[in-house]
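The chains referred to below are lettered A, B, ... by the order of the sequence lines, with proteins before strands, and numbering in each begins at 1.
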2 protein chains.
Amino acid sequence: MTRTVLMPAETIPTVIDDAIRVAVSTVIFTLRRLPGSDAAAVALPLVRRTRDPHEGQWALPGGWLDVTEDLGAAASRTLAETTGLAPSYLEQLYAFGAIDRSPSRVVSIVYWALIRPDEIVDAVENVSWFDAAALPELAFDHNEIVDYALWRLRNKVGYSRIAHGLLADEFTLAELREVYETILGRRLDPANFRRQVENSGNLIPTERFRTGSHRPARLYRYNQDVELAERGPLGARD
Amino acid sequence: MTRTVLMPAETIPTVIDDAIRVAVSTVIFTLRRLPGSDAAAVALPLVRRTRDPHEGQWALPGGWLDVTEDLGAAASRTLAETTGLAPSYLEQLYAFGAIDRSPSRVVSIVYWALIRPDEIVDAVENVSWFDAAALPELAFDHNEIVDYALWRLRNKVGYSRIAHGLLADEFTLAELREVYETILGRRLDPANFRRQVENSGNLIPTERFRTGSHRPARLYRYNQDVELAERGPLGARD
DNA sequence: GCAAAAGTGTTCCGGGTACACCCATGT
DNA sequence: ACATGGGTGTACCCGGAACACTTTTGC
(Lines give C-alpha, C1' and ligand atoms only; values in the text may rest on other atoms or scores of the structure.)
Protein backbone atom coordinates (compact mmCIF):
# COMPACT_ATOMS: atom_id res chain seq x y z
CA MET A 1 0.00 0.00 0.00
CA THR A 2 1.23 3.44 -0.87
CA ARG A 3 -0.24 6.85 -0.48
CA THR A 4 0.18 10.21 -2.12
CA VAL A 5 -0.10 13.53 -0.41
CA LEU A 6 -0.11 16.84 -2.22
CA MET A 7 -0.92 19.90 -0.26
CA PRO A 8 -0.04 23.53 0.30
CA ALA A 9 2.03 23.84 3.43
CA GLU A 10 0.26 26.94 4.66
CA THR A 11 -3.05 25.26 5.32
CA ILE A 12 -3.97 22.95 8.10
CA PRO A 13 -3.04 19.46 7.00
CA THR A 14 -5.83 17.46 5.44
CA VAL A 15 -6.68 14.26 7.18
CA ILE A 16 -4.50 11.39 6.05
CA ASP A 17 -5.64 8.01 7.26
CA ASP A 18 -2.30 6.94 8.67
CA ALA A 19 -0.92 10.29 9.75
CA ILE A 20 -0.56 11.45 13.31
CA ARG A 21 -0.74 15.15 14.03
CA VAL A 22 0.57 16.90 17.11
CA ALA A 23 -1.48 19.61 18.76
CA VAL A 24 -0.71 21.75 21.79
CA SER A 25 -3.37 22.98 24.21
CA THR A 26 -3.30 24.89 27.45
CA VAL A 27 -5.47 24.85 30.52
CA ILE A 28 -5.01 28.28 32.00
CA PHE A 29 -6.42 29.13 35.39
CA THR A 30 -7.16 32.38 37.10
CA LEU A 31 -9.17 33.42 40.14
CA ARG A 32 -12.07 35.75 39.78
CA ARG A 33 -14.76 37.05 42.05
CA LEU A 34 -18.09 35.61 41.15
CA PRO A 35 -20.70 38.19 40.23
CA GLY A 36 -23.10 38.71 43.11
CA SER A 37 -20.87 36.92 45.57
CA ASP A 38 -17.87 37.77 47.72
CA ALA A 39 -16.24 34.39 47.13
CA ALA A 40 -13.50 33.81 44.58
CA ALA A 41 -13.55 30.88 42.19
CA VAL A 42 -11.23 29.16 39.74
CA ALA A 43 -11.97 30.21 36.18
CA LEU A 44 -10.52 29.35 32.78
CA PRO A 45 -10.92 30.64 29.22
CA LEU A 46 -12.39 28.48 26.50
CA VAL A 47 -12.57 29.02 22.77
CA ARG A 48 -15.64 28.38 20.68
CA ARG A 49 -14.85 26.09 17.78
CA THR A 50 -15.60 27.54 14.38
CA ARG A 51 -15.17 24.37 12.38
CA ASP A 52 -15.73 20.66 12.58
CA PRO A 53 -15.25 18.50 14.49
CA HIS A 54 -17.31 19.80 17.40
CA GLU A 55 -18.16 23.06 15.67
CA GLY A 56 -19.86 25.46 18.04
CA GLN A 57 -18.69 23.67 21.17
CA TRP A 58 -16.22 25.12 23.65
CA ALA A 59 -12.67 23.83 23.68
CA LEU A 60 -9.30 24.51 25.29
CA PRO A 61 -7.19 27.14 23.55
CA GLY A 62 -4.54 25.50 21.39
CA GLY A 63 -3.37 24.75 17.89
CA TRP A 64 -1.04 22.68 15.78
CA LEU A 65 2.56 22.29 16.74
CA ASP A 66 4.82 24.03 14.26
CA VAL A 67 7.91 22.17 12.99
CA THR A 68 10.16 25.03 13.95
CA GLU A 69 9.08 25.62 17.53
CA ASP A 70 9.51 23.91 20.87
CA LEU A 71 6.53 22.52 22.71
CA GLY A 72 6.41 25.25 25.32
CA ALA A 73 6.76 27.91 22.64
CA ALA A 74 3.86 26.39 20.77
CA ALA A 75 1.75 26.50 23.91
CA SER A 76 2.56 30.18 24.44
CA ARG A 77 1.98 31.05 20.80
CA THR A 78 -1.34 29.26 20.37
CA LEU A 79 -2.53 30.65 23.69
CA ALA A 80 -1.67 34.16 22.60
CA GLU A 81 -3.22 33.71 19.17
CA THR A 82 -6.51 32.41 20.46
CA THR A 83 -6.95 34.32 23.71
CA GLY A 84 -4.33 37.07 23.78
CA LEU A 85 -3.00 35.80 27.10
CA ALA A 86 0.61 35.47 28.27
CA PRO A 87 0.71 33.48 31.50
CA SER A 88 3.21 33.99 34.31
CA TYR A 89 3.46 30.27 34.95
CA LEU A 90 3.47 27.54 32.31
CA GLU A 91 4.19 23.86 32.79
CA GLN A 92 3.61 20.71 30.84
CA LEU A 93 0.63 18.73 32.10
CA TYR A 94 0.30 15.54 30.11
CA ALA A 95 0.27 14.09 26.62
CA PHE A 96 -3.15 12.82 25.57
CA GLY A 97 -3.23 10.39 22.70
CA ALA A 98 -6.12 7.94 22.91
CA ILE A 99 -7.03 6.83 19.40
CA ASP A 100 -10.69 7.86 19.68
CA ARG A 101 -10.25 11.28 21.23
CA SER A 102 -10.71 12.91 17.84
CA PRO A 103 -12.04 11.68 14.47
CA SER A 104 -8.52 11.89 13.05
CA ARG A 105 -5.48 10.84 15.02
CA VAL A 106 -4.26 13.70 17.18
CA VAL A 107 -1.77 13.61 20.03
CA SER A 108 -2.22 16.66 22.23
CA ILE A 109 0.58 17.91 24.41
CA VAL A 110 -1.30 19.80 27.08
CA TYR A 111 0.20 22.54 29.22
CA TRP A 112 -1.30 24.19 32.23
CA ALA A 113 -0.79 27.77 33.28
CA LEU A 114 -1.64 30.39 35.84
CA ILE A 115 -2.41 34.00 35.12
CA ARG A 116 -2.95 37.05 37.29
CA PRO A 117 -6.33 38.76 37.13
CA ASP A 118 -4.66 42.01 36.06
CA GLU A 119 -3.13 40.31 33.03
CA ILE A 120 -6.45 39.22 31.67
CA VAL A 121 -7.51 40.75 28.39
CA ASP A 122 -11.22 40.61 28.05
CA ALA A 123 -13.56 40.66 25.12
CA VAL A 124 -11.67 38.52 22.64
CA GLU A 125 -13.63 37.07 19.75
CA ASN A 126 -15.01 33.60 20.51
CA VAL A 127 -13.34 33.46 23.92
CA SER A 128 -15.24 33.23 27.15
CA TRP A 129 -14.31 32.59 30.78
CA PHE A 130 -15.98 29.80 32.68
CA ASP A 131 -16.21 28.81 36.31
CA ALA A 132 -14.10 25.66 36.56
CA ALA A 133 -16.69 24.07 38.83
CA ALA A 134 -19.50 24.48 36.30
CA LEU A 135 -18.24 23.71 32.82
CA PRO A 136 -20.46 22.85 29.89
CA GLU A 137 -19.78 19.78 27.81
CA LEU A 138 -16.55 20.52 25.98
CA ALA A 139 -15.18 19.35 22.66
CA PHE A 140 -13.08 16.19 22.45
CA ASP A 141 -11.83 14.89 25.81
CA HIS A 142 -11.33 18.38 27.14
CA ASN A 143 -13.55 17.93 30.19
CA GLU A 144 -11.30 15.11 31.29
CA ILE A 145 -8.23 17.21 30.65
CA VAL A 146 -9.53 20.09 32.74
CA ASP A 147 -10.37 17.72 35.58
CA TYR A 148 -6.85 16.43 35.54
CA ALA A 149 -5.40 19.94 35.43
CA LEU A 150 -7.53 20.94 38.41
CA TRP A 151 -6.30 17.91 40.30
CA ARG A 152 -2.71 18.88 39.55
CA LEU A 153 -3.38 22.47 40.57
CA ARG A 154 -4.77 21.44 43.93
CA ASN A 155 -1.99 18.95 44.44
CA LYS A 156 0.79 21.31 43.56
CA VAL A 157 -0.60 24.10 45.70
CA GLY A 158 -0.17 21.75 48.63
CA TYR A 159 3.57 21.26 48.36
CA SER A 160 4.81 23.95 46.01
CA ARG A 161 4.58 27.70 46.12
CA ILE A 162 2.90 28.58 42.88
CA ALA A 163 -0.09 30.46 44.25
CA HIS A 164 1.62 33.78 43.57
CA GLY A 165 1.12 33.06 39.88
CA LEU A 166 -2.45 34.12 40.51
CA LEU A 167 -1.63 37.37 42.28
CA ALA A 168 -0.15 40.72 41.33
CA ASP A 169 3.41 41.59 42.38
CA GLU A 170 2.43 42.86 45.79
CA PHE A 171 -0.27 41.31 47.91
CA THR A 172 -1.43 40.93 51.47
CA LEU A 173 -1.35 37.68 53.35
CA ALA A 174 -5.13 37.67 53.37
CA GLU A 175 -5.16 37.79 49.59
CA LEU A 176 -2.64 34.98 49.36
CA ARG A 177 -4.62 32.98 51.85
CA GLU A 178 -7.78 33.46 49.83
CA VAL A 179 -6.00 31.96 46.82
CA TYR A 180 -5.15 28.86 48.80
CA GLU A 181 -8.61 28.64 50.32
CA THR A 182 -10.26 28.89 46.92
CA ILE A 183 -8.09 26.26 45.29
CA LEU A 184 -8.14 23.87 48.20
CA GLY A 185 -11.80 24.45 48.90
CA ARG A 186 -11.45 24.90 52.65
CA ARG A 187 -10.77 27.65 55.15
CA LEU A 188 -7.30 28.09 56.58
CA ASP A 189 -6.40 29.50 59.96
CA PRO A 190 -5.05 33.02 59.33
CA ALA A 191 -2.57 32.82 62.20
CA ASN A 192 -1.08 29.49 61.16
CA PHE A 193 -1.10 30.41 57.51
CA ARG A 194 0.92 33.51 58.26
CA ARG A 195 3.59 31.61 60.11
CA GLN A 196 3.86 28.88 57.52
CA VAL A 197 4.40 31.15 54.55
CA GLU A 198 6.66 33.45 56.55
CA ASN A 199 8.86 30.56 57.59
CA SER A 200 8.96 29.16 54.08
CA GLY A 201 11.29 31.99 53.10
CA ASN A 202 9.47 32.69 49.88
CA LEU A 203 7.96 35.96 51.00
CA ILE A 204 9.67 39.31 51.17
CA PRO A 205 7.87 41.89 53.30
CA THR A 206 7.69 45.41 51.86
CA GLU A 207 7.21 48.68 53.69
CA ARG A 208 3.96 49.33 51.91
CA PHE A 209 0.54 48.62 53.33
CA ARG A 210 -2.85 48.02 51.87
CA THR A 211 -5.25 50.41 53.50
CA GLY A 212 -8.99 50.44 53.20
CA SER A 213 -11.39 48.80 55.53
CA HIS A 214 -9.62 48.22 58.81
CA ARG A 215 -6.13 47.88 60.13
CA PRO A 216 -3.73 48.22 57.18
CA ALA A 217 -2.16 44.95 56.03
CA ARG A 218 1.46 44.67 55.05
CA LEU A 219 2.17 43.99 51.40
CA TYR A 220 4.52 41.19 50.46
CA ARG A 221 6.27 40.16 47.27
CA TYR A 222 7.60 36.80 46.22
CA ASN A 223 11.21 35.79 46.37
CA GLN A 224 11.86 34.78 42.76
CA ASP A 225 15.11 32.99 43.57
CA VAL A 226 13.45 29.98 45.16
CA GLU A 227 11.11 29.38 42.24
CA LEU A 228 13.11 26.94 40.17
CA ALA A 229 14.88 23.70 41.00
CA GLU A 230 11.54 22.19 41.97
CA ARG A 231 11.01 20.53 38.65
CA GLY A 232 14.13 18.47 38.96
CA PRO A 233 16.68 18.25 36.18
CA LEU A 234 14.29 19.91 33.73
CA GLY A 235 14.81 23.62 33.74
CA ALA A 236 12.60 24.92 30.99
CA ARG A 237 12.59 21.78 28.97
CA ASP A 238 10.27 20.74 26.19
CA MET B 1 5.03 25.94 -1.51
CA THR B 2 3.78 22.42 -1.84
CA ARG B 3 5.27 19.07 -1.13
CA THR B 4 4.81 15.58 -2.36
CA VAL B 5 5.13 12.44 -0.37
CA LEU B 6 5.11 8.98 -1.85
CA MET B 7 5.92 6.08 0.36
CA PRO B 8 5.06 2.54 1.32
CA ALA B 9 3.18 2.55 4.57
CA GLU B 10 5.08 -0.42 5.99
CA THR B 11 8.41 1.36 6.21
CA ILE B 12 9.54 3.96 8.61
CA PRO B 13 8.48 7.32 7.20
CA THR B 14 11.13 9.15 5.24
CA VAL B 15 12.10 12.50 6.57
CA ILE B 16 9.87 15.27 5.31
CA ASP B 17 11.09 18.74 6.08
CA ASP B 18 7.87 19.98 7.60
CA ALA B 19 6.56 16.78 9.13
CA ILE B 20 6.49 15.98 12.82
CA ARG B 21 6.75 12.38 13.88
CA VAL B 22 5.69 10.93 17.21
CA ALA B 23 7.88 8.40 18.97
CA VAL B 24 7.38 6.57 22.23
CA SER B 25 10.21 5.56 24.54
CA THR B 26 10.41 4.00 27.95
CA VAL B 27 12.84 4.34 30.82
CA ILE B 28 12.52 1.06 32.66
CA PHE B 29 14.20 0.56 35.99
CA THR B 30 15.10 -2.49 37.97
CA LEU B 31 17.36 -3.20 40.92
CA ARG B 32 20.24 -5.56 40.59
CA ARG B 33 23.12 -6.63 42.71
CA LEU B 34 26.35 -5.26 41.41
CA PRO B 35 28.91 -7.92 40.54
CA GLY B 36 31.55 -8.13 43.24
CA SER B 37 29.50 -6.14 45.70
CA ASP B 38 26.71 -6.77 48.15
CA ALA B 39 25.00 -3.47 47.38
CA ALA B 40 22.06 -3.16 45.01
CA ALA B 41 21.90 -0.49 42.33
CA VAL B 42 19.36 0.97 39.93
CA ALA B 43 19.81 -0.44 36.44
CA LEU B 44 18.08 0.08 33.10
CA PRO B 45 18.18 -1.56 29.67
CA LEU B 46 19.43 0.31 26.63
CA VAL B 47 19.32 -0.61 22.97
CA ARG B 48 22.20 -0.18 20.59
CA ARG B 49 21.16 1.82 17.57
CA THR B 50 21.64 0.04 14.25
CA ARG B 51 21.04 3.00 12.00
CA ASP B 52 21.62 6.72 11.76
CA PRO B 53 21.26 9.05 13.49
CA HIS B 54 23.56 8.04 16.34
CA GLU B 55 24.29 4.62 14.87
CA GLY B 56 26.17 2.45 17.36
CA GLN B 57 25.24 4.55 20.37
CA TRP B 58 22.99 3.36 23.18
CA ALA B 59 19.44 4.66 23.37
CA LEU B 60 16.23 4.13 25.28
CA PRO B 61 13.99 1.35 23.99
CA GLY B 62 11.16 2.78 21.90
CA GLY B 63 9.72 3.19 18.44
CA TRP B 64 7.22 5.04 16.35
CA LEU B 65 3.68 5.54 17.52
CA ASP B 66 1.24 3.58 15.41
CA VAL B 67 -1.94 5.31 14.22
CA THR B 68 -4.09 2.56 15.64
CA GLU B 69 -2.73 2.33 19.16
CA ASP B 70 -2.90 4.36 22.33
CA LEU B 71 0.21 5.91 23.79
CA GLY B 72 0.55 3.46 26.65
CA ALA B 73 0.01 0.54 24.30
CA ALA B 74 2.75 1.86 22.05
CA ALA B 75 5.09 2.07 25.02
CA SER B 76 4.35 -1.54 25.97
CA ARG B 77 4.64 -2.78 22.40
CA THR B 78 7.92 -1.06 21.54
CA LEU B 79 9.37 -2.11 24.86
CA ALA B 80 8.44 -5.72 24.20
CA GLU B 81 9.73 -5.59 20.63
CA THR B 82 13.10 -4.18 21.51
CA THR B 83 13.78 -5.74 24.89
CA GLY B 84 11.19 -8.49 25.44
CA LEU B 85 10.14 -6.89 28.73
CA ALA B 86 6.64 -6.43 30.15
CA PRO B 87 6.80 -4.12 33.15
CA SER B 88 4.52 -4.35 36.18
CA TYR B 89 4.30 -0.59 36.48
CA LEU B 90 4.08 1.88 33.59
CA GLU B 91 3.37 5.58 33.75
CA GLN B 92 3.79 8.53 31.44
CA LEU B 93 6.85 10.60 32.27
CA TYR B 94 6.99 13.58 29.95
CA ALA B 95 6.74 14.67 26.33
CA PHE B 96 10.06 15.81 24.89
CA GLY B 97 9.90 17.95 21.79
CA ALA B 98 12.78 20.39 21.53
CA ILE B 99 13.42 21.16 17.89
CA ASP B 100 17.08 20.15 17.96
CA ARG B 101 16.77 16.90 19.87
CA SER B 102 16.96 14.95 16.63
CA PRO B 103 18.02 15.82 13.06
CA SER B 104 14.41 15.49 11.97
CA ARG B 105 11.51 16.74 14.05
CA VAL B 106 10.50 14.12 16.57
CA VAL B 107 8.24 14.48 19.59
CA SER B 108 8.89 11.67 22.05
CA ILE B 109 6.27 10.65 24.56
CA VAL B 110 8.37 9.02 27.25
CA TYR B 111 7.07 6.51 29.75
CA TRP B 112 8.80 5.16 32.79
CA ALA B 113 8.41 1.73 34.23
CA LEU B 114 9.47 -0.63 36.97
CA ILE B 115 10.20 -4.30 36.56
CA ARG B 116 10.93 -7.09 38.98
CA PRO B 117 14.29 -8.83 38.71
CA ASP B 118 12.57 -12.18 38.13
CA GLU B 119 10.78 -10.78 35.06
CA ILE B 120 13.98 -9.84 33.33
CA VAL B 121 14.78 -11.68 30.16
CA ASP B 122 18.45 -11.60 29.48
CA ALA B 123 20.55 -11.97 26.38
CA VAL B 124 18.46 -10.06 23.88
CA GLU B 125 20.17 -8.91 20.71
CA ASN B 126 21.59 -5.39 20.98
CA VAL B 127 20.19 -4.91 24.49
CA SER B 128 22.35 -4.35 27.52
CA TRP B 129 21.70 -3.37 31.13
CA PHE B 130 23.51 -0.39 32.61
CA ASP B 131 24.04 0.95 36.06
CA ALA B 132 21.93 4.12 36.17
CA ALA B 133 24.67 5.91 38.06
CA ALA B 134 27.28 5.25 35.38
CA LEU B 135 25.73 5.66 31.95
CA PRO B 136 27.70 6.23 28.78
CA GLU B 137 26.85 9.07 26.46
CA LEU B 138 23.50 8.17 24.99
CA ALA B 139 21.86 9.01 21.67
CA PHE B 140 19.70 12.13 21.33
CA ASP B 141 18.72 13.75 24.62
CA HIS B 142 18.35 10.41 26.33
CA ASN B 143 20.80 11.18 29.14
CA GLU B 144 18.64 14.09 30.12
CA ILE B 145 15.54 11.94 29.96
CA VAL B 146 17.02 9.28 32.21
CA ASP B 147 18.08 11.93 34.71
CA TYR B 148 14.55 13.21 34.83
CA ALA B 149 13.12 9.71 35.20
CA LEU B 150 15.51 9.01 38.07
CA TRP B 151 14.40 12.21 39.74
CA ARG B 152 10.77 11.19 39.41
CA LEU B 153 11.54 7.72 40.71
CA ARG B 154 13.21 9.07 43.82
CA ASN B 155 10.46 11.62 44.31
CA LYS B 156 7.63 9.18 43.90
CA VAL B 157 9.20 6.65 46.20
CA GLY B 158 8.98 9.28 48.91
CA TYR B 159 5.24 9.74 48.88
CA SER B 160 3.82 6.82 46.93
CA ARG B 161 4.08 3.10 47.40
CA ILE B 162 5.53 1.90 44.13
CA ALA B 163 8.62 0.16 45.45
CA HIS B 164 6.89 -3.21 45.26
CA GLY B 165 7.06 -2.86 41.47
CA LEU B 166 10.68 -3.87 41.93
CA LEU B 167 10.04 -6.93 44.09
CA ALA B 168 8.52 -10.36 43.65
CA ASP B 169 5.07 -11.10 45.10
CA GLU B 170 6.37 -12.01 48.52
CA PHE B 171 9.22 -10.24 50.23
CA THR B 172 10.67 -9.50 53.63
CA LEU B 173 10.72 -6.06 55.16
CA ALA B 174 14.48 -6.06 54.85
CA GLU B 175 14.19 -6.58 51.11
CA LEU B 176 11.64 -3.81 50.80
CA ARG B 177 13.81 -1.55 52.89
CA GLU B 178 16.78 -2.25 50.66
CA VAL B 179 14.75 -1.07 47.67
CA TYR B 180 14.03 2.21 49.37
CA GLU B 181 17.60 2.60 50.55
CA THR B 182 18.97 1.99 47.08
CA ILE B 183 16.65 4.43 45.38
CA LEU B 184 16.94 7.12 48.00
CA GLY B 185 20.65 6.59 48.44
CA ARG B 186 20.62 6.55 52.23
CA ARG B 187 20.19 4.10 55.09
CA LEU B 188 16.85 3.81 56.84
CA ASP B 189 16.26 2.77 60.41
CA PRO B 190 14.88 -0.80 60.29
CA ALA B 191 12.66 -0.26 63.32
CA ASN B 192 11.06 2.94 62.07
CA PHE B 193 10.78 1.61 58.56
CA ARG B 194 8.86 -1.39 59.81
CA ARG B 195 6.32 0.70 61.69
CA GLN B 196 5.81 3.17 58.88
CA VAL B 197 5.16 0.63 56.21
CA GLU B 198 3.06 -1.51 58.57
CA ASN B 199 0.87 1.44 59.49
CA SER B 200 0.45 2.48 55.86
CA GLY B 201 -1.92 -0.44 55.43
CA ASN B 202 -0.39 -1.48 52.12
CA LEU B 203 1.22 -4.62 53.45
CA ILE B 204 -0.41 -7.94 54.12
CA PRO B 205 1.59 -10.29 56.35
CA THR B 206 1.70 -13.92 55.30
CA GLU B 207 2.38 -16.98 57.42
CA ARG B 208 5.47 -17.78 55.44
CA PHE B 209 8.99 -16.92 56.46
CA ARG B 210 12.24 -16.46 54.68
CA THR B 211 14.79 -18.63 56.34
CA GLY B 212 18.48 -18.67 55.70
CA SER B 213 21.12 -16.87 57.66
CA HIS B 214 19.62 -15.83 60.97
CA ARG B 215 16.24 -15.36 62.54
CA PRO B 216 13.59 -16.05 59.90
CA ALA B 217 11.85 -12.96 58.52
CA ARG B 218 8.14 -12.84 57.84
CA LEU B 219 7.12 -12.55 54.21
CA TYR B 220 4.67 -9.88 53.17
CA ARG B 221 2.65 -9.21 50.05
CA TYR B 222 1.20 -5.97 48.76
CA ASN B 223 -2.40 -4.94 49.09
CA GLN B 224 -3.33 -4.33 45.46
CA ASP B 225 -6.53 -2.47 46.32
CA VAL B 226 -4.76 0.69 47.42
CA GLU B 227 -2.73 0.94 44.25
CA LEU B 228 -4.93 3.14 42.13
CA ALA B 229 -6.62 6.48 42.75
CA GLU B 230 -3.22 8.04 43.30
CA ARG B 231 -2.95 9.44 39.82
CA GLY B 232 -6.03 11.57 40.16
CA PRO B 233 -8.79 11.54 37.58
CA LEU B 234 -6.60 9.65 35.12
CA GLY B 235 -7.13 5.96 35.52
CA ALA B 236 -5.17 4.35 32.72
CA ARG B 237 -5.32 7.32 30.45
CA ASP B 238 -3.24 8.08 27.37
C1' DG C 1 27.56 -19.20 73.59
C1' DC C 2 27.87 -15.73 70.21
C1' DA C 3 26.96 -13.04 66.14
C1' DA C 4 23.52 -11.02 63.52
C1' DA C 5 19.24 -9.97 61.86
C1' DA C 6 14.14 -9.76 63.32
C1' DG C 7 11.18 -7.35 65.87
C1' DT C 8 9.45 -4.16 70.16
C1' DG C 9 9.43 -0.14 73.31
C1' DT C 10 10.46 4.49 74.55
C1' DT C 11 11.96 9.12 74.20
C1' DC C 12 12.60 13.30 71.89
C1' DC C 13 11.75 16.84 68.53
C1' DG C 14 9.46 19.70 65.05
C1' DG C 15 5.74 21.00 62.36
C1' DG C 16 0.80 21.40 62.02
C1' DT C 17 -3.53 22.76 64.29
C1' DA C 18 -6.65 25.00 67.49
C1' DC C 19 -7.59 28.86 69.80
C1' DA C 20 -7.01 32.77 73.10
C1' DC C 21 -5.46 37.14 72.90
C1' DC C 22 -3.65 41.93 71.64
C1' DC C 23 -3.22 45.76 67.91
C1' DA C 24 -4.62 49.30 64.62
C1' DT C 25 -7.78 51.33 61.81
C1' DG C 26 -12.54 53.05 59.66
C1' DT C 27 -16.95 54.34 60.84
C1' DA D 1 -16.76 53.01 71.27
C1' DC D 2 -16.86 49.17 68.70
C1' DA D 3 -16.59 46.12 64.96
C1' DT D 4 -13.32 43.98 62.04
C1' DG D 5 -9.52 42.17 60.14
C1' DG D 6 -4.20 42.28 61.14
C1' DG D 7 -0.97 40.14 63.82
C1' DT D 8 1.19 37.42 68.19
C1' DG D 9 1.52 33.82 71.79
C1' DT D 10 0.84 29.26 73.39
C1' DA D 11 -0.63 24.64 74.31
C1' DC D 12 -1.53 20.32 72.29
C1' DC D 13 -1.13 16.44 69.12
C1' DC D 14 0.90 13.41 65.96
C1' DG D 15 4.37 11.40 63.03
C1' DG D 16 9.18 10.88 62.18
C1' DA D 17 13.99 10.07 63.95
C1' DA D 18 17.07 8.10 67.26
C1' DC D 19 18.27 4.42 69.90
C1' DA D 20 18.05 0.94 73.72
C1' DC D 21 16.40 -3.44 74.18
C1' DT D 22 14.47 -8.34 73.55
C1' DT D 23 13.84 -12.48 70.44
C1' DT D 24 15.17 -16.09 67.32
C1' DT D 25 17.81 -18.26 64.37
C1' DG D 26 22.67 -20.34 62.24
C1' DC D 27 27.07 -21.58 63.36
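Contacts with DNA chain D (heavy atom under 4.0 Å) in residues 175-184 of chain B: none are found. For the segment residues 190-199 of chain A, the set of residues with a heavy atom within less than 4.0 Å of an atom of DNA chain D comprises A191(A), R194(A), R195(A), in numerical order.
In this entry the distance linking CG of D189(A) with P of dC21(C) reads 15 Å, nearest Å. Remark: C1' of dT4(D) and NE2 of H214(A) are 4 Å apart, rounded to the nearest angstrom. Taking atom CZ on R210(B) and atom C1' on dT24(D), their separation rounds to 17 Å, with Å as the unit. Separating the CZ atom of F209(B) from the P atom of dG7(C) is a distance of 7 Å, rounded to the nearest angstrom. For F171(A) and dG6(D), the CZ to C1' distance is 16 Å, given to the nearest whole Å.
At a cut-off of 3.5 angstrom, counting only N and O atoms as typed in the model, there is no donor on one side facing an acceptor on the other between the side-chain of R215(A) and the base of dA24(C).
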Tell me which donor-acceptor pairs under 3.5 Å the side chains of residues 71-82 of chain B have, and how far apart each pair is, sequence neighbours excluded?
unit_1 : atom_1 : unit_2 : atom_2 : d
S76(B) : OG     : G72(B) : O      : 3.3
R77(B) : NE     : E69(B) : OE1    : 2.9
R77(B) : NE     : E69(B) : OE2    : 3.0
R77(B) : NH1    : E81(B) : OE1    : 3.3
R77(B) : NH1    : E81(B) : OE2    : 3.2
R77(B) : NH2    : W64(B) : O      : 2.9
R77(B) : NH2    : E69(B) : OE2    : 2.5
T78(B) : OG1    : A74(B) : O      : 2.9
T78(B) : OG1    : A75(B) : O      : 3.2
T82(B) : OG1    : T78(B) : O      : 2.7
T82(B) : OG1    : L79(B) : O      : 3.4

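For T30(A), the side-chain hydrogen bond (donor to acceptor under 3.5 Å, both in side chains) criterion is met by no residue, not counting sequence neighbours. F209(B) meets the side-chain contact (heavy atoms from CB on, under 4.5 Å) test with P216(B), R218(B); sequence neighbours excluded. Judged as a side-chain hydrogen bond (donor to acceptor under 3.5 Å, both in side chains), and not counting sequence neighbours, the contacts of R221(B) are E170(B). Remark: R195(B) engages N192(B) in a side-chain hydrogen bond (donor to acceptor under 3.5 Å, both in side chains) (not counting sequence neighbours). Residues passing the side-chain hydrogen bond (donor to acceptor under 3.5 Å, both in side chains) test with R210(A) are E175(A), sequence neighbours excluded. In terms of the side-chain contact (heavy atoms from CB on, under 4.5 Å) criterion, residue partners of E137(B) (sequence neighbours excluded) are, by chain and number, Q57(B), N143(B). Residues passing the salt bridge (Lys or Arg N to Asp or Glu O under 4.0 Å) test with R48(A), sequence neighbours excluded: none. Listed by chain and residue number, E178(B) satisfy the salt bridge (Lys or Arg N to Asp or Glu O under 4.0 Å) test with R33(B) (two or more places apart in sequence, or in another chain).
Within the 3.5 Å criterion, the main-chain N or O of V110(B) finds no donor-acceptor partner in the side chain of S108(B).
With the 3.5 Å cutoff on both pairing distances, Watson-Crick and G-U pairs in DNA chain D assemble into runs of at least 3 at C:1-27 with D:1-27.
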Legend entry - side chain to side chain contact (heavy atoms under 4.5 Å, CB included) between Y159(A) and K156(A), worked out: CA-CA 6 Å; Y159(A) 64 89; K156(A) 194 134 192 173; 3.9 Å; yes
